[in-house]
Participant: 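What follows is a structure written as structure tokens; I'll ask about it next.
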Amino acid sequence: MIRIIITSDSHGCADKLFTIVQKHIKDANKFINLGDCRSGDDLLFCEKKLNMKFMRVAGNCDFFYEAPDIDFLETAGKKILLCHGHTFSVKAGYEKIMKFAAETGCDAALFGHTHMQWHEYINGIHFLCPGAVKNGQYAMLDIENGKIICIKATL
């Protein structure tokens, strides 16, 4: 089994992000941050303290931050879209991200920005927003026996 911990929107709450990472440091294969992490400061705090690395994308509040707006992770035969969500206007609806995920052959699309946990399986694609770390929310994506399992979690 592959376990991916997904965080977003810590907005300066490095302590909450640290608690999430510390909780899963032994059972996770990868940590992904979907942006708005005080231009990387929250991630840097965790990475240095726990000697680990996040895969990351930039959010609309991440200024002077070296990370792409959109990225893809390919693992265990699955293609996963990573974005903050602002580039697809997810606060106004999910149509744009759904269309892009389908056009690019994704099995899952991960995004933040709304600060609300959400998961739906639509037309063969998992759409997952982990919520906001600043509110104690995050998510896990497990891949086991070729299947994706999305889990919403809280501190």
Participant: What pairs with Ser10 under side-chain hydrogen bond (donor to acceptor under 3.5 Å, both in side chains), at least two apart in sequence or on another chain?
Facilitator: Asp42
Participant: Could you tell me whether the side chain of Asn135 and the main chain of Ala132 form a donor-acceptor pair under 3.5 Å?
Facilitator: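 No.
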Participant: Could you give me the CA-CA distance, side-chain angles and deciding distance for Asp36 and Ser8, then say whether side chain to side chain contact (heavy atoms under 4.5 Å, CB included) is met?
Facilitator: CA-CA 7 Å; Asp36 282 2; Ser8 186; 5.6 Å; no
Participant: In terms of hydrophobic clusters joined by side-chain contacts under 4.5 Å, are Trp118 and Met116 together?
Facilitator: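 Different clusters: Trp118 never reaches Met116 through Ile, Leu, Val, Met, Phe, Trp or Tyr contacts under 4.5 Å.
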Participant: Say whether Leu50 and Tyr138 are linked into one hydrophobic cluster, either directly or through other cluster members, by side-chain heavy-atom distances under 4.5 angstrom.
Facilitator: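 Result: yes, single cluster for both.
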Participant: Got a second to check how far Cys83's SG is from Ile70's CD1, nearest 0.5 Å?
Facilitator: 6.0 Å
Participant: Other than Leu141, which residues form its hydrophobic cluster under the rule that side-chain heavy atoms must be closer than 4.5 Å?
Facilitator: Ile2, Ile4, Ile6, Ile32, Leu34, Met55, Val57, Leu73, Ile80, Leu82, Leu110, Leu128, Ile143, Ile148
Participant: Not counting sequence neighbours, which residues clear salt bridge (Lys or Arg N to Asp or Glu O under 4.0 Å) with Asp142? List them please.
Facilitator: Arg3
Participant: Which residues pass the side-chain contact (heavy atoms from CB on, under 4.5 Å) test with Phe54, sequence neighbours left out?
Facilitator: Thr7, Leu17, Val21, Phe31, Asn33, Leu43, Cys46, Glu47, Met52, Arg56
Participant: For residues His113 and Asn60, is any side-chain donor paired with an opposing acceptor at under 3.5 Å?
Facilitator: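 Side-chain D/A pair, His113 to Asn60: present.
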Participant: Can you name the residues that form a side-chain contact (heavy atoms from CB on, under 4.5 Å) with Gln117, not counting sequence neighbours?
Facilitator: Gln137, Lys152, Thr154
Participant: To the nearest 0.5 angstrom, please state how far the NZ atom of Lys78 sits from the NZ atom of Lys147.
Facilitator: 10.0 Å
Participant: Does any pair with a residue in residues 122-134 pass side chain to side chain donor-acceptor pair (under 3.5 Å), and if so which ones, sequence neighbours excluded?
Facilitator: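 Sorted result for residues 122-134: His119-His126.
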Participant: Pair up each side-chain donor or acceptor in residues 86-108 with any protein partner under 3.5 Å, not counting sequence neighbours, and list the distances.
Facilitator:
{"residue": "Thr104", "atom": "OG1", "partner": "Phe100", "partner atom": "O", "Å": "2.8"}
{"residue": "Thr104", "atom": "OG1", "partner": "Ala101", "partner atom": "O", "Å": "3.4"}
{"residue": "Asp107", "atom": "OD2", "partner": "Lys79", "partner atom": "N", "Å": "2.8"}

Participant: Where do Thr114 and Cys129 come nearest, in terms of heavy atoms and distance?
Facilitator: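 Answer, listing the atom of Thr114 first, then Cys129: OG1-SG, 3.4 Å.
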Participant: Side-chain heavy atoms under 4.5 angstrom apart, residues restricted to Ile, Leu, Val, Met, Phe, Trp, Tyr: same cluster for Ile122 and Phe111?
Facilitator: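 The answer is yes; both residues are in one hydrophobic cluster.
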Participant: Side-chain contact test, heavy atoms from C-beta onward, threshold under 4.5 Å: evaluate it for Arg38 versus Phe45 and give yes or no.
Facilitator: no
